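Reviewing the structure listed below.
One-based numbering along the sequence shown. Because the structure is a prediction, the values reported are computed rather than measured. All values below come from the heavy atoms of this structure, side chains included, with hydrogens, waters and symmetry mates left out.
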Amino acid sequence: MQVTILLGVIGVIFLGFGLYKRFVTQPFLQNANNVAGTVMYKQNERIYNGVVVVPKTVLVIHFIDNHGVLQELRVREYSSFMTHAEIGDKVPILYDPAHPQHAIIQPNTKMISPLFWLLVGIAFFVAGIIISFLHI
């Protein structure tokens, strides 16, 4: 019974991730403007991770949006989108033209299709159902 529940939960997590990628991330990436930003400085911050407060390095990146307004992006240095950048480095930024404060560092790899995550989620969920029927 525990395996069935575990497979179902894993399936739901993958389904949720796939739906998030499909309906949130993909539209953002398709409509985002691409611009070069400059790493201005690094700042040490103390971030609560749900258990303890830990020190993290945050990169402060400036870029100019399509209206000529200077925007600031703050990124944790260990972000999966980012290699370790140094002060003065140029980094590719993607931002929402309607809301330039919603910006990310451009991923340096192609993202796995949301369909893949949805199919993996369905596979785990179906496996849980099959195992539950075999054990009845």
Side-chain angles (χ1 to χ4, degrees):
M1 185 67 173
Q2 290 176 348
V3 172
T4 302
I5 293 171
L6 180 63
L7 288 173
V9 169
I10 291 171
V12 168
I13 290 170
F14 278 119
L15 283 168
F17 187 70
L19 290 171
Y20 176 80
K21 291 287 187 186
R22 170 63 182 97
F23 293 108
V24 176
T25 304
Q26 267 193 339
F28 172 80
L29 293 175
Q30 289 172 349
N31 297 320
N33 283 354
N34 189 338
V35 67
T38 304
V39 178
M40 301 306 291
Y41 58 92
K42 294 183 178 187
Q43 182 175 2
N44 291 323
E45 293 185 354
R46 297 171 54 84
I47 299 170
Y48 179 67
N49 69 4
V51 180
V52 294
V53 175
V54 292
K56 295 292 178 190
T57 301
V58 175
L59 299 177
V60 179
I61 302 167
H62 287 175
F63 66 96
I64 306 293
D65 68 16
N66 57 341
H67 299 293
V69 177
L70 178 67
Q71 299 288 336
E72 182 175 280
L73 172 63
R74 301 168 64 78
V75 180
R76 291 186 189 134
E77 191 169 26
Y78 64 87
S79 168
S80 61
F81 288 160
M82 166 109 229
T83 58
H84 291 283
E86 297 299 324
I87 296 171
D89 286 353
K90 298 287 185 190
V91 292
I93 303 292
L94 294 175
Y95 70 93
D96 180 348
H99 305 282
Q101 67 277 13
H102 297 154
I104 62 169
I105 293 178
Q106 182 175 355
N108 53 3
T109 60
K110 291 283 185 191
M111 292 174 46
I112 296 175
S113 167
L115 180 61
F116 170 79
W117 298 112
L118 292 170
L119 292 174
V120 169
I122 290 168
F124 272 97
F125 197 77
V126 169
I129 291 171
I130 291 171
I131 288 173
S132 72
F133 282 124
L134 292 176
H135 282 89
I136 291 179

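The structure places CG of Leu119 at 9.5 Å from CG of Leu15, a figure rounded to the nearest 0.5 Å. Atoms NE2 and CD1, on His62 and Ile93 in that order, are 11.0 Å from each other to the nearest 0.5 Å. The distance from the CG atom of Leu59 to the CD1 atom of Ile105 is 6.5 Å, given to the nearest 0.5 Å. In this structure, the separation between CZ on Phe125 and CD1 on Ile13 is 12.5 Å, given to the nearest 0.5 Å. Put simply, CG on Leu118 and CZ on Phe17 are 10.5 Å apart, with the number rounded to the nearest 0.5 Å. Gln2 contributes atom CD, which lies 12.0 Å from atom CG of Leu7 (distance to the nearest 0.5 angstrom).
Counting heavy atoms from C-beta outward, Val75 and Val58 have side chains that stay 4.5 Å or more apart. The side-chain heavy atoms of Leu73 and Val91, taken from C-beta on, include no pair separated by under 4.5 Å.
Across every non-hydrogen atom of Phe63 and Ala103, the tightest pair is CZ-CB, 3.8 Å. The nearest pair of heavy atoms linking Leu94 to Ala32 is CB-CB, 3.9 Å. A pairwise comparison of heavy atoms in Pro100 and Asp65 identifies CG-OD2, 3.3 Å as the closest pair. The minimum heavy-atom distance linking Gln43 with Val60 is given by the pair OE1-CG2, 4.0 Å. What you find for Ala98 and Asp96 is that their closest heavy atoms are N-OD1, 2.9 Å. Minimum heavy-atom separation, Asn34 to Pro92: OD1-CB, 4.4 Å.
Under the side chain to side chain contact (heavy atoms under 4.5 Å, CB included) criterion, Asn33 pairs with Asn66, Tyr95, Pro97, sequence neighbours left out.
Taking Ile, Leu, Val, Met, Phe, Trp and Tyr as hydrophobic and joining them when side-chain heavy atoms fall under 4.5 Å apart, one finds Leu70 in a cluster with Ile64.
Put simply, Phe14 and Leu6 are part of the same group of oily side chains (I, L, V, M, F, W, Y) that touch within less than 4.5 Å, one to the next.
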